[in-house]
K.L.:
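Supplied in structure tokens, the structure appears directly below.
Quick note: numbers below take in every heavy atom, side chains included, and nothing from hydrogens, waters or symmetry partners. The chain is numbered in sequence order, starting from 1.
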Amino acid sequence: MLGVYGLSFPQLYQTFGNNLLILGFPGLLLLSWGLGLWGAALVGLLNVPMQVLLLNLGAAQWDAGLREVVQLMTGTGLAACLAMGLFRFQYDRRSSAEAAMRESQAQAQDRNLELSLFSRVRDGLTRDLEPTALMRGVVDALHDHPRFDSVAAYQPDGEGLRQVCSGGKQTLPEQFGPAHEVVYRAARSAETVVLYTTEERSHAGVLGERSLIAVPLLVKGSVQGVLVASCGASDLDPRDVRFLEGVAGQLSLAIDRAQVYEALREQEATYRTLLETLPDAVALYDGSKLLYLNPAGLRGLGYQRLDEVVGQPLTLFVHPDSLPRVAERVQRILGGEPDALEEIRLVARDGRELEVEALGFLVQIAGHKQVMISIRDVGERKRQQARIEYLAYHDPLTDLPNRRKLWAVAETVFVADRRKRETPALIYLDLDNFKVVNDTLGHQAGDELLRQIALRIKEVLRQGDLLARMGGDEFAVLLPSADRASATAAARRVNGVFETPFNLGDHAIHVQASLGVALYPEHGQTLDELARAADVAMYQAKHARTGIAIYDPTQDLNSLERLETVQQLRQTIQEGRFLIQYQPILNIQSRFVSKWEALVRWEHPTRGLLHPSEFVPLAEEAGLVGELDLAVLKQAVQDQRRLGGELAINFSAVTLAHPNWVREVVRSLVEETLQPSLLWLEITESALLPERQKWLGGLVALRGLGVRVALDDFGIGYSSLAHLKQVPVDLIKIDKSFIGEIGSNRAAEDILRAMLQLANAFGLKTLAEGVENRAQLEWLARHGCHYAQGYYIGLPMSADQAAREVFTKAF
């Protein structure tokens, strides 16, 4: 403007003359105002020289009037410029003071707000002890910050960050991944990251024209999360970064405290759970009173609540007999001596005495010495040990001493008798046909019979005599002192108890027994010799049917032969050296042999070929029939490959009671890859008695695999319609006694016809045994019988012969 004024001055002076100097005076003042105090002084000093210069340039006439105007401007102009400069100086000072005051007020307000928010944050951090709740409380408090329009807390989640909570005017992203460089860098580098400009929008996700602060939450050197705040690009202040870092620091400390508390709480819960779930009692004692007792201890002593025992002295719980020893042990433990496991007696709330094992440990809690006592109830263990010892020497069924107890007592008797010159005697007793009772009435009835026999025999014995159950249906009586006459009299008293029938439910059963008597030292110098002699005498009585027999050495040869035969039979079964023959079974409709029945034979080394009737009863007496049936099964399944067709094997009721019979059948089928549908199991009618519930499940399981079941000797035993409905049977074998009367007995034919019709009504196949001529076969064919077996069809033969035999008969 000064330049324009200087250039235009000559023309303006021509127009306005000396008045131009006066007209320029307001501009001079304005210029002084704009330049301030020092500028105004300079303008006032330079005003006259400048005006003279411009007048000379404008060819002004220096007359008296011009000189007066210049003089006036010289003094007045300098004073006015200085006044205007001073005025501006005062104005600037006042404006600066007001601006400083406003800024100070604004800063004070910001500090008050920050302090208020910080106080709210700290208050919130003291109320919660869960990390997520702590983060949520901080985020909620930061919503009120005037420059934060969005706040959120994030936690690490795999390769990125997952939002825990958020709020504000604009919601931050729910997740930050590696692509969001700003926030991800804060989590990765564990340092505060601030985005001041808007040049990196791709790194800030969807934030747009906004600034961002990301502060990591460090707990024990590990980033547990990131606190993020956003604001307008022009609103971000460094103080906000410091404030957010302070909040994040407090939040990190609170999270650390929460984690420590959580770890302590979990540790306490673990210890409490261990104490409260321990099967043994644990007590805490300070030397004068009980401080703690876990639930196992409360239950053992009969208390319901902890407050019922806390503060009570040990005299309330320890038996008076054990109290002195317990008090001494406590004092030794408190003195620092180690304790040892020891049995003591306690008293329960109801007065019961408890036998326990206790072990004390010295512990220090809150600086106080205390004794922690581990207590284990050994009463039940002792009772179990006593029970085990009792069972080891007694029979659980009859409650009589067993073989082991008999041997132990006999040993002491024999030692005493050698000194006193007394002669003990031993009686062995075995029931006759006890198996029939089990097969007809069931094992429960058999057990009840044994109990009743034991009670009766005890009643007729002397006080010093010992009755023992040897196993099965065998008993023994040890007479500590007896000659031949008194031993025989005792045997007769025992045998007399069988004269009266035994009541088994609705049945009155007459039972007989065989007794063998052996005398010391006549029949044996040792207990084993005496026991063997009594056993031999018992079998002598059984075979002679005399009821009682005193050992006779001259008859011992037969008994030895029997024992040797049993041993040979057992060895033959174990080695599988039986001879199995196969009898053909004819399919009447197709007139071809489609099945084979496996029949066991024993080729005895001295007696030759023995049929089942000659050794199976012996196997039953020795308890070997179950093993025998399973051995036949194994061999017959192996032979089936050569025979072809279906295979029928006899199983006795004893075999069905064998615990492993189902598993052995399945194993044999699997090992020989035999289709289950090719196997028939023949069971006798005696197996269809009440005890069938013990094996019926296994039979049903085998039928589910495809194995089929035949009922042998139907019509002559215990069969009934109920059995045919309840037992899984596929075929019934009609006894040969009915077949033999075809053509000679009309009544027998009517019964046979009814049996065939009955089987057909039940959907069962039928097999006729003992077919010996063509007429019998034709009659069976006319009346719907399915299979036939007998000498007319074919004799039993070896597996090799059966494999070679080609049945070309025109049946």
Side-chain angles (χ1 to χ4, degrees), residues 579-601 609-614 616 632 636 639-640 642-650 678-685 708 710-717 719 730-760 764-811:
L579 173 65
I580 302 178
Q581 294 183 335
Y582 299 91
Q583 187 171 17
I585 299 174
L586 178 71
N587 186 317
I588 296 178
Q589 182 178 2
S590 66
R591 298 304 172 102
F592 284 99
V593 172
S594 61
K595 303 159 68 85
W596 302 88
E597 180 179 4
L599 303 173
V600 65
R601 304 287 188 265
L609 189 65
L610 302 181
H611 286 75
S613 59
E614 299 178 83
V616 169
V632 172
D639 292 340
Q640 192 275 340
R642 291 180 291 168
L643 297 174
E646 299 174 6
L647 184 66
I649 300 176
N650 291 281
L678 297 178
L679 179 64
W680 288 78
L681 299 181
E682 295 188 3
I683 61 176
T684 60
E685 289 187 330
R708 287 176 283 182
L711 181 61
D712 200 6
D713 298 334
F714 184 77
I716 63 171
S719 300
D730 301 283
L731 177 145
I732 59 174
K733 295 183 69 173
I734 302 173
D735 188 70
K736 61 183 179 181
S737 61
F738 295 98
I739 309 302
E741 298 191 62
I742 293 177
S744 61
N745 188 329
R746 187 66 176 269
E749 290 183 357
D750 290 340
I751 294 175
L752 182 56
R753 187 183 299 108
M755 293 170 66
L756 293 172
Q757 293 174 353
L758 177 65
N760 183 64
L764 302 176
K765 301 291 185 181
T766 52
L767 186 154
E769 295 182 298
V771 177
E772 298 183 354
N773 55 60
R774 186 181 184 85
Q776 294 172 350
L777 181 62
E778 295 300 334
W779 189 95
L780 292 169
R782 288 195 305 272
H783 292 86
C785 187
H786 300 90
Y787 300 97
Q789 179 182 9
Y791 290 165
Y792 180 69
I793 308 301
L795 298 174
M797 61 193 75
S798 67
D800 293 335
Q801 182 181 357
R804 294 192 306 267
E805 188 78 26
V806 178
F807 290 92
T808 57
K809 292 182 180 180
F811 290 105

K.L.:
Please name all residues satisfying side-chain hydrogen bond (donor to acceptor under 3.5 Å, both in side chains) with Gln776, sequence neighbours left out, ordered by chain then number.
P.N.:
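Residues passing side-chain hydrogen bond (donor to acceptor under 3.5 Å, both in side chains) with Gln776: none at all.
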K.L.:
With the side chain counted from C-beta on, respond yes when Leu777 and Ile588 share a heavy-atom pair under 4.5 Å apart, and no when they do not.
P.N.:
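Yes, close enough: below the 4.5 Å cut-off.
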K.L.:
Side-chain contact test, heavy atoms from C-beta onward, threshold under 4.5 Å: evaluate it for Glu597 versus Asn650 and give yes or no.
P.N.:
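Yes, their side chains come closer than 4.5 Å.
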K.L.:
Which heavy atom in Gly770 sits nearest to a heavy atom in Ile739, and how many Å separate them?
P.N.:
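Closest approach of Gly770 to Ile739: O-CG2, 4.0 Å.
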K.L.:
Using every non-hydrogen atom in the two residues, find where Pro584 and Ile793 come nearest and quote the distance to one decimal.
P.N.:
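Closest approach of Pro584 to Ile793: O-CG2, 4.0 Å.
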K.L.:
Which value, rounded to the nearest 0.5 Å, describes the distance between Phe738 atom CZ and Leu752 atom CG?
P.N.:
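If I round to the nearest 0.5 Å, the distance is 8.0 Å.
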K.L.:
May I ask you to decide if Gly645's main-chain N or O and Gln640's side chain share a donor-acceptor pair within less than 3.5 Å?
P.N.:
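Confirmed, Gln640 side chain pairs with Gly645 backbone.
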K.L.:
Going by atom types alone, do Asp800 and Ser798 pair a side-chain donor with an acceptor below 3.5 Å?
P.N.:
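Absent: no donor and acceptor within the cut-off.
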K.L.:
Only counting residues at least two apart or in another chain, list the ones meeting ring-ring contact (aromatic ring centres under 6.0 Å, His included) with His786.
P.N.:
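By the ring-ring contact (aromatic ring centres under 6.0 Å, His included) rule, His786 matches no residue at all.
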K.L.:
Would you please name every residue forming a side-chain hydrogen bond (donor to acceptor under 3.5 Å, both in side chains) with Asp639, sequence neighbours left out?
P.N.:
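Asp639: side-chain hydrogen bond (donor to acceptor under 3.5 Å, both in side chains) contacts with Tyr582, Gln635, Arg642.
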K.L.:
Applying side-chain contact (heavy atoms from CB on, under 4.5 Å), can you list everything that pairs with Ser590, at least two apart in sequence or on another chain?
P.N.:
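Testing Ser590 for side-chain contact (heavy atoms from CB on, under 4.5 Å), a comparison that skips the adjacent residues, returns Asn587, Phe592.
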K.L.:
According to side-chain contact (heavy atoms from CB on, under 4.5 Å), who are the partners of Lys595, at least two apart in sequence or on a separate chain?
P.N.:
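Partners of Lys595 by the side-chain contact (heavy atoms from CB on, under 4.5 Å) criterion, ordered by chain and then number, come out as Ile585, Glu646, Trp680, Tyr787.
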K.L.:
Roughly how far, to the nearest 0.5 Å, is the NZ atom of Lys765 from the CG atom of Leu731?
P.N.:
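Those atoms lie 9.0 Å apart.
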K.L.:
Check the pair Leu678, Leu647 against side-chain contact (heavy atoms from CB on, under 4.5 Å), reporting the backbone distance first and the verdict last.
P.N.:
CA-CA 6 Å; Leu678 297 178; Leu647 184 66; 6.0 Å; no
K.L.:
Please report the closest heavy-atom contact between Val632 and Ile580, naming both atoms and the distance.
P.N.:
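Where Val632 meets Ile580 most closely, the heavy atoms are O-CD1, 3.8 Å.
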K.L.:
With side chains defined as the heavy atoms from C-beta onward, is the minimum distance between Asp735 and Lys733 less than 4.5 Å?
P.N.:
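Heavy-atom side-chain distance check fails, nothing below 4.5 Å.
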K.L.:
Using a strict threshold of under 4.0 Å (side-chain N to carboxylate O), is an ion pair present between Arg774 and Glu778?
P.N.:
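Salt bridge between Glu778 and Arg774, a charged N being under 4.0 Å from a carboxylate O: yes.
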K.L.:
Which residues pass the side-chain contact (heavy atoms from CB on, under 4.5 Å) test with Ala775, sequence neighbours left out?
P.N.:
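By the side-chain contact (heavy atoms from CB on, under 4.5 Å) rule, Ala775 matches Asn773.
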K.L.:
Among Leu756, Ile751, Leu711, Asp712, whose side-chain contact (heavy atoms from CB on, under 4.5 Å) with Ile734 holds?
P.N.:
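Exactly one option meets the side-chain contact (heavy atoms from CB on, under 4.5 Å) with Ile734, and it is Leu756.
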K.L.:
Any salt bridge (Lys or Arg N to Asp or Glu O under 4.0 Å) pairs touching residues 742-751, not counting sequence neighbours?
P.N.:
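Listed by first then second residue: Asp750-Arg753.
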K.L.:
Under the side-chain contact (heavy atoms from CB on, under 4.5 Å) test, which residues partner Gln583, sequence neighbours left out?
P.N.:
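Testing Gln583 for side-chain contact (heavy atoms from CB on, under 4.5 Å), a comparison that skips the adjacent residues, returns Leu599, Gln789, Tyr791, Pro796.
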K.L.:
To check you understand the geometry: which heavy-atom pair defines the closest contact between Thr766 and Gly784, and what is its length?
P.N.:
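The answer is OG1-O, 4.1 Å.
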K.L.:
For Glu741, check side-chain hydrogen bond (donor to acceptor under 3.5 Å, both in side chains) against everything at least two apart and list the hits.
P.N.:
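Per chain and number, Glu741 pairs via side-chain hydrogen bond (donor to acceptor under 3.5 Å, both in side chains) with Asn745.
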K.L.:
State, to 0.1 Å, how close Ala788 and Val771 come at their nearest heavy-atom pair, and which atoms those are.
P.N.:
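In terms of heavy atoms, the two residues are closest at CB-CG2, 3.9 Å.
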K.L.:
After noting the C-alpha distance and the side-chain angles of Asp730 and Leu764, does the key distance pass the side-chain contact (heavy atoms from CB on, under 4.5 Å) rule?
P.N.:
CA-CA 5 Å; Asp730 301 283; Leu764 302 176; 5.5 Å; no
K.L.:
Search all heavy atoms of Ala768 against all heavy atoms of Leu780 and return the closest pair with its distance.
P.N.:
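Shortest heavy-atom separation between Ala768 and Leu780 comes out as CB-CD1, 3.4 Å.
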K.L.:
Please name all residues satisfying side-chain hydrogen bond (donor to acceptor under 3.5 Å, both in side chains) with Asn760, sequence neighbours left out, ordered by chain then number.
P.N.:
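Here no residue qualifies.
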